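Everything on this sheet refers to the single structure shown next.
We're numbering straight along the sequence, starting at 1. Predicted model only: the values in this text are computed from it and were never measured.
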Amino acid sequence: MTASCASFGPRILTPEDYPVHGIDVSRWQGDIDWRQVAHSGVAFAWIKATEGGDHVDPMFMTNWIAAAEAGVPRGAYHFWYMCRTGQEQLDWFIQNVPRDPNALPPVLDMEWVGESKTCRRQPKRDEILREMQVFLDGAERWYGKRPVIYTSVDFHRDRLVDAFTGHHFWLRSVAGHPSTRYGDRRWTFWQYTAKGRVPGIQGDVDRNAFVGSQTDWRMFLQGRY
């Protein structure tokens, strides 16, 4: 019998391969015990702040203050609305999110919302990129930190491939590692499940992994990563 050996490709990484994990929350998590969250090892949290040009998450300020008091590094995110300009959405975000030098960079959440009852627009790529640029540049000037871009597989495929390469990306990929869904897009945060469980939060919560080591994470917090 002739011996043979199989050739295997590199192992696809799992969330457990990354040492730094966090959460993102909104009103749907209800009342959060942020001290329990902090003691559970959660390294960061992004908190929904605004949507479009006229909606504020009713739990934003409560979560914003309590997370900081518990020592959880936190930042705010804005959910994009296809029927508002980038300037309108930037103005609304600035109006509602404090300028805190200790906060994480702001996040711009870009995804399709097919079930929206008030806006069914799907702007072309050029318009999307132009309006996003207005928001991103304005937020960076105001908060002093370059915003992170959150997106989903379909929105990235339809509008964001090869765009905003100078920004950190936060990718939703619950069906597998981002490399299997986003091609060669460089990423910094991976939202790997919507059904995570964390002490201090009743029910499911989104869980996220940071791409680097603990040292890399400390550098990110200092704005040097």
| request: State which residues pass salt bridge (charged side-chain N to carboxylate O under 4.0 Å, His left out) with Arg197; sequence neighbours excluded, sorted by chain then number. | output: Asp204

| Within-4.5 Å side-chain heavy-atom neighbours: Leu221 and Pro73 | yes

| message | Check for me, please, whether Met82 and Phe93 land in the same ILVMFWY cluster - side-chain distances under 4.5 Å, paths through other members count. | response | yes

| request: Taking all non-hydrogen atoms of both residues into account, name the closest pair between Ala49 and Val97 and its distance. | output: CB-CG2, 3.5 Å

| Shared-cluster residues of Phe79, by chain and number - hydrophobic side chains joined below 4.5 Å | Val113

| note | Rounding to 0.5 Å, atoms CD (Gln202) and CD1 (Ile32) come to a distance of 10.5 Å

| Arg159 side chain to Pro123 main-chain N or O, any donor-acceptor pair under 3.5 Å? | yes

| Side chains of Phe60 and Thr50: closer than 4.5 Å at any heavy-atom pair? | no

| field | Asp54: partners by side chain to side chain contact (heavy atoms under 4.5 Å, CB included), with sequence neighbours left out | value | Arg84

| request: Flag yes if Val161 and Leu136 sit in one hydrophobic cluster, no otherwise; membership is Ile, Leu, Val, Met, Phe, Trp, Tyr, and two members link when side-chain heavy atoms are under 4.5 Å apart. | output: no

| remark: Looking only at heavy atoms, the pair that brings Pro147 and His167 closest together is O-ND1, 2.9 Å

| said: According to salt bridge (charged side-chain N to carboxylate O under 4.0 Å, His left out), who are the partners of Arg172, at least two apart in sequence or on a separate chain? | reply: none

| field | Check: Trp217 ring centre within less than 6.0 Å of Phe44 ring centre | value | yes

| said: I need the full list of side chain to side chain donor-acceptor pair (under 3.5 Å) pairs touching residues 102-116, with sequence neighbours left out, sorted by first then second residue. | reply: Trp112-Asp158

| request: Mind checking side chain to side chain contact (heavy atoms under 4.5 Å, CB included) for Thr193 and listing every partner two or more places apart, or none if nothing turns up? | output: Lys195, Arg207

| Between Val134 and Gly86, what is the shortest heavy-atom contact and its length? | CG1-C, 4.0 Å

| Between Trp46 and Phe189, does a ring pair (Phe, Tyr, Trp, His ring centres under 6.0 Å) hold up when you go through it step by step? | CA-CA 11 Å; Trp46 265 299; Phe189 296 92; 4.8 Å; yes

| said: Ile94: which residues meet the side chain to side chain contact (heavy atoms under 4.5 Å, CB included) condition with it, sequence neighbours left out? | reply: Leu90, Trp142, Tyr143

| field | Shortest non-hydrogen separation from Ala45 to Leu104 and the atoms involved | value | O-CD1, 3.9 Å

| task | Look up atom CZ in Phe164 and atom OG1 in Thr151, then write down how far apart they are to the nearest 0.5 Å. | result | 11.0 Å

| query | With the 4.5 Å side-chain cut-off for hydrophobic clustering, are Ile47 and Trp28 part of the same group? | reply | no

| task | Go through the side-chain N and O atoms of Tyr77 and Ser26 and say whether any donor and acceptor fall under 3.5 Å apart. | result | no

| query | Who pairs with Glu140 by salt bridge (charged side-chain N to carboxylate O under 4.0 Å, His left out), at least two apart in sequence or on another chain? | reply | Arg146

| task | Taking all heavy atoms of Val198 and all of Ser40, pick out the closest pair and write down the distance. | result | CG1-OG, 3.6 Å

| task | Output every pair passing salt bridge (Lys or Arg N to Asp or Glu O under 4.0 Å) with a member in residues 119-135, not counting sequence neighbours, ordered by first then second residue. | result | Arg121-Glu127

| said: For residues Val42 and Ile201: do they belong to one hydrophobic cluster (side chain heavy atoms under 4.5 Å, members Ile, Leu, Val, Met, Phe, Trp, Tyr)? | reply: yes

Run the side-chain donor-acceptor check on residues 15-23: report pairs under 3.5 Å with partners two or more places apart or on a different chain.
residue : atom : partner : partner atom : Å
Glu16   : OE1  : Thr14   : OG1          : 3.1
Asp17   : OD1  : Arg11   : NH2          : 2.9
Asp17   : OD2  : Arg11   : NH1          : 3.2
Asp17   : OD2  : Arg11   : NH2          : 3.4
Asp17   : OD2  : Thr14   : N            : 2.7
Asp17   : OD2  : Thr14   : OG1          : 3.2
Tyr18   : OH   : His177  : NE2          : 2.9
His21   : ND1  : Tyr192  : OH           : 2.9
His21   : NE2  : Pro15   : O            : 3.2
His21   : NE2  : Tyr18   : O            : 2.6

| field | side chain to side chain donor-acceptor pair (under 3.5 Å) contacts touching residues 89-98 (sequence neighbours left out) | value | His78-Gln89, Gln87-Asp91

| request: To the nearest 0.5 angstrom, please state how far the CG atom of Asp206 sits from the CD atom of Gln191. | output: 4.0 Å

| said: Could you go through Met59 and Val25, starting from their C-alpha distance and side-chain angles, then the distance that decides it, and tell me whether this counts as side chain to side chain contact (heavy atoms under 4.5 Å, CB included)? | reply: CA-CA 9 Å; Met59 291 298 292; Val25 302; over 6 Å; no

| said: As a quick check of understanding, evaluate ring pair (Phe, Tyr, Trp, His ring centres under 6.0 Å) for His168 and Phe220, giving each step before the final call. | reply: CA-CA 10 Å; His168 290 293; Phe220 181 87; 5.4 Å; yes

| Roughly how far, to the nearest 0.5 Å, is the CZ atom of Arg218 from the OG1 atom of Thr215? | 4.0 Å

| query | Hey, is the main chain of Ala175 close enough, under 3.5 Å, to the side chain of Arg181 for a donor-acceptor pair? | reply | yes

| Just wondering, more than 12 heavy atoms not from Gln214 lying within 6.0 Å of its CD? | yes

| Say you draw a straight line from CD1 of Ile149 to CG of Leu171; how long is it, rounded to the nearest 0.5 Å? | 10.0 Å

| said: Out of the candidates Trp190, Tyr225, Trp187, only one should pair with Phe210 under the ring-ring contact (aromatic ring centres under 6.0 Å, His included) rule; please name it. | reply: Tyr225

| query | How far does OG1 of Thr188 sit from CG of Asn208, to the nearest 0.5 angstrom? | reply | 12.0 Å

| said: Show me the pairs that pass salt bridge (Lys or Arg N to Asp or Glu O under 4.0 Å) and involve residues 23-48, at least two apart or across chains. | reply: Lys48-Glu51

| task | Using atom types as modelled and distance alone, determine if a side-chain donor or acceptor of Trp34 lies under 3.5 Å from a backbone N or O of Trp64. | result | no

| Between Trp170, Phe155, Phe169, Trp80, which is the residue that forms a side-chain contact (heavy atoms from CB on, under 4.5 Å) with Tyr150? | Trp170

